[in-house]
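Worksheet for the structure shown next.
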Amino acid sequence: MGRRVLARVPASSANLGPGFDAFAAALGIHMELEVEETPGVFAVETDLPISRDRRNLVVRGFERLLDAEGFTFRIRSEIPLCGGLGTSAAAYVAGLLAADHLSGGDGDLLGAATELEGHPDNVAAALFGGIVICIDGATVALAPPAGLELILIAPDEPVRTRLARDALPAEVPLADAVFNVAHGAVLTLGLATGDLELVARGLADRIHQDRRAHLYPNSIELVRRAGELGALGATISGAGPAVLVWAREADTQRVIAELEPLVSGWAQLQRVAVEAEGAQVSEL
Ligand code: HSE
């Protein structure tokens, strides 16, 4: 019998408002990858509408460390495919982690996954779990504060991350950079101390969300209205169009009741938790 390993990797929401390409949270929805040694056979088995050849992102992650020939990859995922929830990061991390385990390695998976993904935020959250801040090729972790609830809005219509990245200029005005430094610092302070007022003040962004608003008009409208719906605020999740609505525990039901009619017909709503546990791999 060939070896079989199972990798389980969380979704993630990057940026968290001001922390463009630097902040992310792992979410309690997962991708699972089973890799089995099948000598002479390469196969990708999945119900997902994704590539089943060497272009598959799980396989590309795996092939950073091992040749995929002679392995079968079975991929299952609960992560909505709309965009903004770290699916590609989860796929790269799953492939890398499975190959690392099979080769008995202890490699720099963050470095390899960051190279594959092009930026570190989603892959860091997927690997380590919790809330992460990416800095100098490493991460600093934060535990989510008590009393914070998250509501995920996943639009039916996807946005391609490549388009969202192309919508951003190479340089931003100094005033926008200053705004995001201040808000990112206040958000971090709020998360670290459990002060949800500071979290609410820190969620604003002037680097990426407005510059991509034409790609996700419904999502940006929700972000702009989140405060009046009783939430602490809302952030475009990664490159969008998914939205993360941030709420106090005591207000969550009321916020959901306000959101439901607003998202009806174009998006799915679900409660999500920050996933404390990062990617896991085990032998089957
Ligand atoms: N930080 C990235 C972005 C996440 O906003 O483009 C998307 O993968």
Side-chain angles (χ1 to χ4, degrees), residues 9-27 29 31 50 57-58 60-61 77 79-96 110-128 130-140 150 152-155 157-172 176-177 179-181 183-184 187-188 202-216 219-220 222-223 233-244 272 274-275 279:
V9 185
S12 51
S13 180
N15 302 330
L16 309 183
F20 177 70
D21 273 2
F23 293 6
L27 303 178
I29 41 182
M31 176 181 291
I50 55 176
L57 302 189
V58 161
R60 286 177 52 195
S77 180
I79 308 173
L81 289 173
C82 56
L85 293 168
T87 295
S88 60
Y92 287 134
V93 165
L96 276 164
L110 178 61
T114 301
E115 266 181 47
L116 285 161
E117 178 78 345
H119 44 88
D121 42 2
N122 290 103
V123 294
L127 267 170
F128 304 123
I131 297 173
V132 296
I133 301 172
C134 300
I135 178 167
D136 301 334
T139 61
V140 175
L150 298 173
L152 174 63
I153 309 295
E157 202 60 45
V159 168
R160 294 185 71 87
T161 298
R162 167 55 60 89
L163 273 183
R165 290 196 79 80
D166 288 349
L168 298 182
E171 295 178 357
V172 295
D176 291 349
F179 181 95
N180 275 44
V181 168
H183 284 74
L187 173 59
T188 305
L203 288 175
D205 157 73
R206 280 198 195 154
I207 287 184
H208 59 104
Q209 294 182 166
D210 284 347
R211 292 187 172 89
R212 292 167 161 172
H214 59 287
L215 297 172
Y216 39 61
S219 301
I220 201 75
L222 274 192
V223 169
T235 50
I236 297 289
S237 186
V243 176
L244 209 52
V272 284
V274 174
E275 172 59 85

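Order of listing sets the numbers, starting from 1, for every ligand and every atom in it. Reckoned from all heavy atoms, side chains included, excluding hydrogens, waters and symmetry mates.
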**Fill in**
What one should report as the nearest heavy-atom pair of Ala25 and Ile131 is CB-CG1, 4.0 Å

**Asked** Is the shortest side-chain N to carboxylate O distance from Asp205 to Arg212 below 4.0 Å?
**Response** no

**Message:** Given a heavy-atom cut-off of 4.0 Å, could you list the residues near ligand 1 in chain and number order?
**Reply:** Ala14, Asn15, Phe20, Asp21, His119, Asp121, Asn122, Thr161, Arg165, Arg212, Gly238, Ala239

**Request:** For Ala234 and Val223, work out which heavy atoms get closest and say how close.
**Result:** O-CG1, 3.4 Å

**Prompt:** To the nearest 0.5 Å, how far apart are CG in Leu57 and CD1 in Ile50?
**Reply:** 7.5 Å

**Salt bridge present between Arg165 and Asp21 (N-O < 4.0 angstrom)** = yes

**Rounded distance [0.5 Å steps], OG1 in Thr161 versus NE2 in His119** = 7.0 Å

